[in-house]
J.: 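One structure coming up, written as structure tokens, with questions to follow.
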Amino acid sequence: MHSLDHEKLPTHVAIIMDGNGRWAKLRNLPRIEGHIVGVESVREVVIMTRELRIPYLTLYAFSKENWVRPKDEVRKLLELLGLYLDKELPLMLEKGVRFNVIGERRDFPEALQAKFAEVMGRTAKNKDLVLNLALSYSGRKEILNAVVTLIEDVKKGLIKKIDERVFKKHLYTGAMPDPDLLIRTSGEMRLSNFLLWQMAYTEIYVTDTFWPDFRGDQYVAALREFGQRERRFGRVKED
Ligand code: FPP
């Protein structure tokens, strides 16, 4: 169907889903319409990731900085998120998807926090795909929080030596592997405070396509290009 070399697929894909607003603007639609169609892209990418047996997918859905958007857009985005979770839970259960939130869950209204907990709880034993949704997420805050919890653990005598392995465990992504591939839609060439520690050696793929138009064929193109990248992790090329 897509002729991808399975040996060259990433283990962890991270995506900055950008361009919903511009997609809507081009069509003279309210911004929220872009987000609504964007949810369809989310569904398609999740299903495809699962079918390709890629075990980790992390989607940037709402940054810590996004709270300053117009109140009405934030309200509707949160509403959409609640609807998404209600609607997708059966699919997650059917497809073996473990849902996980990374970010500051406490920033959300209590009813939504309860929903996060419910979906995380009910999918906790699923093993086929970990779906991380980054919500009220900030990479710098994540690193700072890790430092604070590390200091507490040191004070309690739980940790003697701080190294990268120990530090990494204090991040939201804990024991998960770092992303191999970052996809960013709508042409912007920046990290936007996403997974700063984890993306030290991540391959970056940027496409001009707006998120609502990013579907299976676009995803395959990104994965195919990833398969052609030569990853050296700071070493010289081996013959
Ligand atoms: C970026 O587009 C997108 C977001 C800030 C939100 C991403 C949300 C979704 C894809 C839908 C909700 C997700 C779930 C999982 C329910 P933008 O608004 O920054 O677009 P612009 O840069 O063109 O203005």
J.: Of all the heavy-atom pairs spanning Asp208 and Gly187, show the shortest one and how long it is.
T.: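 Heavy atoms of Asp208 and Gly187 come nearest at OD1-CA, 3.4 Å.
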
J.: Below 4.5 Å, heavy atoms only, C-beta onward: do Met189 and Arg184 meet side chain to side chain?
T.: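 No, every pair of side-chain atoms sits at 4.5 Å or beyond.
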
J.: Go through the steps for Val42 and Trp211 under the test side-chain contact (heavy atoms from CB on, under 4.5 Å), then give the verdict.
T.: CA-CA 9 Å; Val42 170; Trp211 178 252; 3.9 Å; yes

J.: Has Asp153 got a side-chain atom pairing as donor or acceptor with Leu150's backbone, closer than 3.5 angstrom?
T.: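 Flag not set: sc Asp153 to bb Leu150 has no pair under 3.5 Å.
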
J.: Pro55 and side-chain contact (heavy atoms from CB on, under 4.5 Å): which partner among Val130, Asp128, Val13, Thr11?
T.: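 Running side-chain contact (heavy atoms from CB on, under 4.5 Å) over Val130, Asp128, Val13, Thr11 with Pro55 returns exactly one hit, Thr11.
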
J.: Roughly how far, to the nearest 0.5 Å, is CZ of Phe214 from OG1 of Thr207?
T.: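 Interatomic distance, Thr207 OG1 to Phe214 CZ, rounded to 0.5 Å: 7.0 Å.
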
J.: Heavy atoms, side chains only, cut-off 4.5 Å: are Ile54 and Leu129 in contact?
T.: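 A side-chain contact is absent here, since even the closest heavy-atom pair is not under 4.5 Å.
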
J.: To the nearest 0.5 Å, what is the distance between CE on Met199 and CG on Leu181?
T.: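 Met199 CE to Leu181 CG: 10.0 Å, rounded to 0.5 Å.
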
J.: For Ala134, check side-chain contact (heavy atoms from CB on, under 4.5 Å) against everything at least two apart and list the hits.
T.: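 Here the qualifying residues are Tyr60, Ile102, Tyr137, Phe194.
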
J.: If you group Ile, Leu, Val, Met, Phe, Trp and Tyr by side-chain heavy-atom gaps below 4.5 Å, do Leu59 and Val37 land in one group?
T.: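 No, it is not one cluster - the side chains of Leu59 and Val37 are not joined through contacts under 4.5 Å.
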
J.: By side chain to side chain donor-acceptor pair (under 3.5 Å), which residues pair with Tyr219, not counting sequence neighbours?
T.: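 Counting only residues at least two positions away or on another chain, Tyr219 forms a side chain to side chain donor-acceptor pair (under 3.5 Å) with Thr49.
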
J.: Could you please spell out the steps behind the side-chain contact (heavy atoms from CB on, under 4.5 Å) verdict for Leu81 and Leu133?
T.: CA-CA 10 Å; Leu81 185 58; Leu133 213 52; 3.8 Å; yes

J.: Considering only NZ, NE, NH1 and NH2 on the basic side and carboxylate oxygens on the acidic side, decide whether Glu164 and Lys168 come within less than 4.0 Å.
T.: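 Not counted as a salt bridge, because no side-chain N and carboxylate O are separated by less than 4.0 Å.
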
J.: Among Glu104, Lys141, Glu65, which residue satisfies the side-chain contact (heavy atoms from CB on, under 4.5 Å) criterion with Ser136?
T.: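 Going through the options one by one, the only one that passes is Glu104.
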
J.: Measure the CG-OG1 distance between Leu158 and Thr149 for me, rounded to the nearest 0.5 Å.
T.: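 Output value for this atom pair is 11.0 Å.
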
J.: With ring pair (Phe, Tyr, Trp, His ring centres under 6.0 Å) as the rule and sequence neighbours excluded, what pairs involving residues 150-191 come up?
T.: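 Sorted pair list: Phe167-Trp197.
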
J.: With no hydrogens and no angle check, is any side-chain donor or acceptor of Asn193 less than 3.5 Å from a backbone partner on Arg140?
T.: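 Flag set: sc Asn193 to bb Arg140 pair under 3.5 Å.
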
J.: To the closest 0.5 Å, what do you measure between NE2 (His6) and CG (Leu223)?
T.: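 That separation rounds to 10.0 Å.
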
J.: Among residues two or more places apart or on two chains, list those pairs meeting ring pair (Phe, Tyr, Trp, His ring centres under 6.0 Å) that have a residue in residues 143-165.
T.: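 Of all non-adjacent pairs touching residues 143-165, none passes ring pair (Phe, Tyr, Trp, His ring centres under 6.0 Å).
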
J.: Between Lys64 and Asp107, does the side-chain contact (heavy atoms from CB on, under 4.5 Å) criterion hold? Intermediate values first, please.
T.: CA-CA 9 Å; Lys64 187 89 186 165; Asp107 292 347; 2.6 Å; yes

J.: Please identify each residue that fulfils side-chain contact (heavy atoms from CB on, under 4.5 Å) with Arg53, with sequence neighbours left out.
T.: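 Scan of Arg53 (side-chain contact (heavy atoms from CB on, under 4.5 Å), adjacent residues dropped) gives Arg50.
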
J.: Linking I/L/V/M/F/W/Y whenever any side-chain heavy atoms sit under 4.5 Å apart, do Ile159 and Val147 land together?
T.: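 Both belong to a single hydrophobic cluster.
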
J.: Do Glu44 side-chain atoms and Gly216 backbone N/O form a donor-acceptor pair below 3.5 Å?
T.: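 Present.
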
J.: For Gln228, does the CD atom have more than 12 heavy-atom neighbours from other residues, nucleotides or ligands under 6.0 Å away?
T.: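 For Gln228, atom CD is crowded (more than 12 foreign heavy atoms under 6.0 Å).
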
J.: I'd like to check the side-chain contact (heavy atoms from CB on, under 4.5 Å) partners of Arg165; sequence neighbours left out, ordered by chain and number.
T.: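 Checked Arg165 against side-chain contact (heavy atoms from CB on, under 4.5 Å); matches are Asp163, Lys169.
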
J.: Can you name the closest pair of heavy atoms from Asp213 and Ser41 and give their distance?
T.: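 For Asp213 and Ser41, the tightest heavy-atom pair comes out as N-OG, 4.3 Å.
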
J.: Not counting sequence neighbours, which residues clear side-chain contact (heavy atoms from CB on, under 4.5 Å) with Val74? List them please.
T.: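 Val74 satisfies side-chain contact (heavy atoms from CB on, under 4.5 Å) with Phe62, Trp67, Arg69, Leu78 once adjacent residues are dropped.
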
J.: Can you find a pair of side-chain heavy atoms, one from Arg122 and one from Leu93, that are under 4.5 Å apart?
T.: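 Sidechains of Leu93 and Arg122: in contact.
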
J.: Using the test side chain to side chain donor-acceptor pair (under 3.5 Å), find all partners of Glu188 that sit at least two apart in sequence or belong to another chain.
T.: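 Result, side chain to side chain donor-acceptor pair (under 3.5 Å) vs Glu188: Arg22.
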
J.: Which atoms form the tightest heavy-atom contact between Gly34 and Ala24, and what is the distance?
T.: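 For Gly34 versus Ala24, the nearest heavy atoms are N-CB, 3.8 Å.
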
J.: Counting only N and O atoms by type, is there a donor-acceptor contact under 3.5 Å from the side chain of His12 to the main-chain atoms of Tyr56?
T.: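 Between the backbone of Tyr56 and the side chain of His12 there is no qualifying donor-acceptor contact (under 3.5 Å).
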
J.: Could you pull out the closest heavy-atom pair between Leu195 and Pro179, with the gap in Å?
T.: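 Of all heavy-atom pairs spanning Leu195 and Pro179, the closest is CD1-CG, 3.9 Å.
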
J.: Report yes or no: do Val220 and Leu57 belong to one cluster of Ile/Leu/Val/Met/Phe/Trp/Tyr joined by side chain heavy-atom distances under 4.5 Å?
T.: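 Hydrophobic grouping puts Val220 with Leu57.
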
J.: For Glu225, give me all partners under side chain to side chain donor-acceptor pair (under 3.5 Å), at least two apart in sequence or on another chain.
T.: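 Counting only residues at least two positions away or on another chain, Glu225 forms a side chain to side chain donor-acceptor pair (under 3.5 Å) with Arg229.
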
J.: About how many Å separate OG of Ser138 and CD1 of Ile143, when rounded to the nearest 0.5 Å?
T.: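 Answer rounded to 0.5 Å: 8.5 Å.
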
J.: What closest approach, in Å, do Ala61 and Leu135 show between heavy atoms, and which atom pair accounts for it?
T.: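 Nearest heavy atoms, Ala61 then Leu135: CB-CD2, 3.8 Å.
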
J.: Pairs of donor and acceptor atoms involving the side chains of residues 26-33, under 3.5 Å and at least two apart or interchain, shall be tabulated with distances.
T.:
{"from": "Arg27", "atom 1": "NH1", "to": "Trp23", "atom 2": "O", "distance (Å)": "2.9"}
{"from": "Arg31", "atom 1": "NE", "to": "Glu73", "atom 2": "OE1", "distance (Å)": "2.8"}
{"from": "Arg31", "atom 1": "NE", "to": "Glu73", "atom 2": "OE2", "distance (Å)": "3.3"}
{"from": "Arg31", "atom 1": "NH2", "to": "Glu73", "atom 2": "OE2", "distance (Å)": "3.3"}

J.: Is a salt bridge present between Glu40 and Arg43, judged by a nitrogen-to-oxygen distance below 4.0 Å?
T.: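 Salt bridge present between Glu40 and Arg43.
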
J.: To check you understand the geometry: which heavy-atom pair defines the closest contact between Gly82 and Leu112, and what is its length?
T.: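 In terms of heavy atoms, the two residues are closest at CA-CD1, 3.8 Å.
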
J.: In terms of hydrophobic clustering (I, L, V, M, F, W, Y; side-chain heavy atoms under 4.5 Å; direct or indirect links), are Phe210 and Ile36 co-clustered?
T.: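 No, no single cluster joins them.
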
J.: So, do Lys115 and Asp86 sit near enough that their side-chain heavy atoms are less than 4.5 Å apart?
T.: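 In short, these two side chains touch, coming nearer than 4.5 Å.
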
J.: Would you sort out whether Leu83 and Lys87 count as a side-chain contact (heavy atoms from CB on, under 4.5 Å), showing the intermediate values?
T.: CA-CA 6 Å; Leu83 287 173; Lys87 196 164 163 220; 5.9 Å; no

J.: How would you list, by chain and number, every residue that makes a ring pair (Phe, Tyr, Trp, His ring centres under 6.0 Å) with His35, sequence neighbours excluded?
T.: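 So His35 forms no ring pair (Phe, Tyr, Trp, His ring centres under 6.0 Å) with any residue.
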
J.: Taking only residues two or more places apart in sequence, or in another chain, which ones meet Asn132 in a side chain to side chain donor-acceptor pair (under 3.5 Å)?
T.: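 With sequence neighbours excluded, Asn132 shows a side chain to side chain donor-acceptor pair (under 3.5 Å) to Thr58, Asn100, given in chain and number order.
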
J.: Would you kindly confirm whether Val45 and Leu52 end up in one hydrophobic cluster when ILVMFWY residues are joined by side chain heavy atoms under 4.5 Å apart?
T.: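 In one cluster: yes.
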
J.: Do other residues, nucleotides or ligands put more than 12 heavy atoms under 6.0 Å from the CZ atom of Arg231?
T.: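 Buried by this count: over 12 neighbours within 6.0 Å.
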
J.: Could you state the interatomic distance from CG (Leu171) to CG (Asn145), rounded to the nearest 0.5 Å?
T.: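 That separation rounds to 9.5 Å.
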
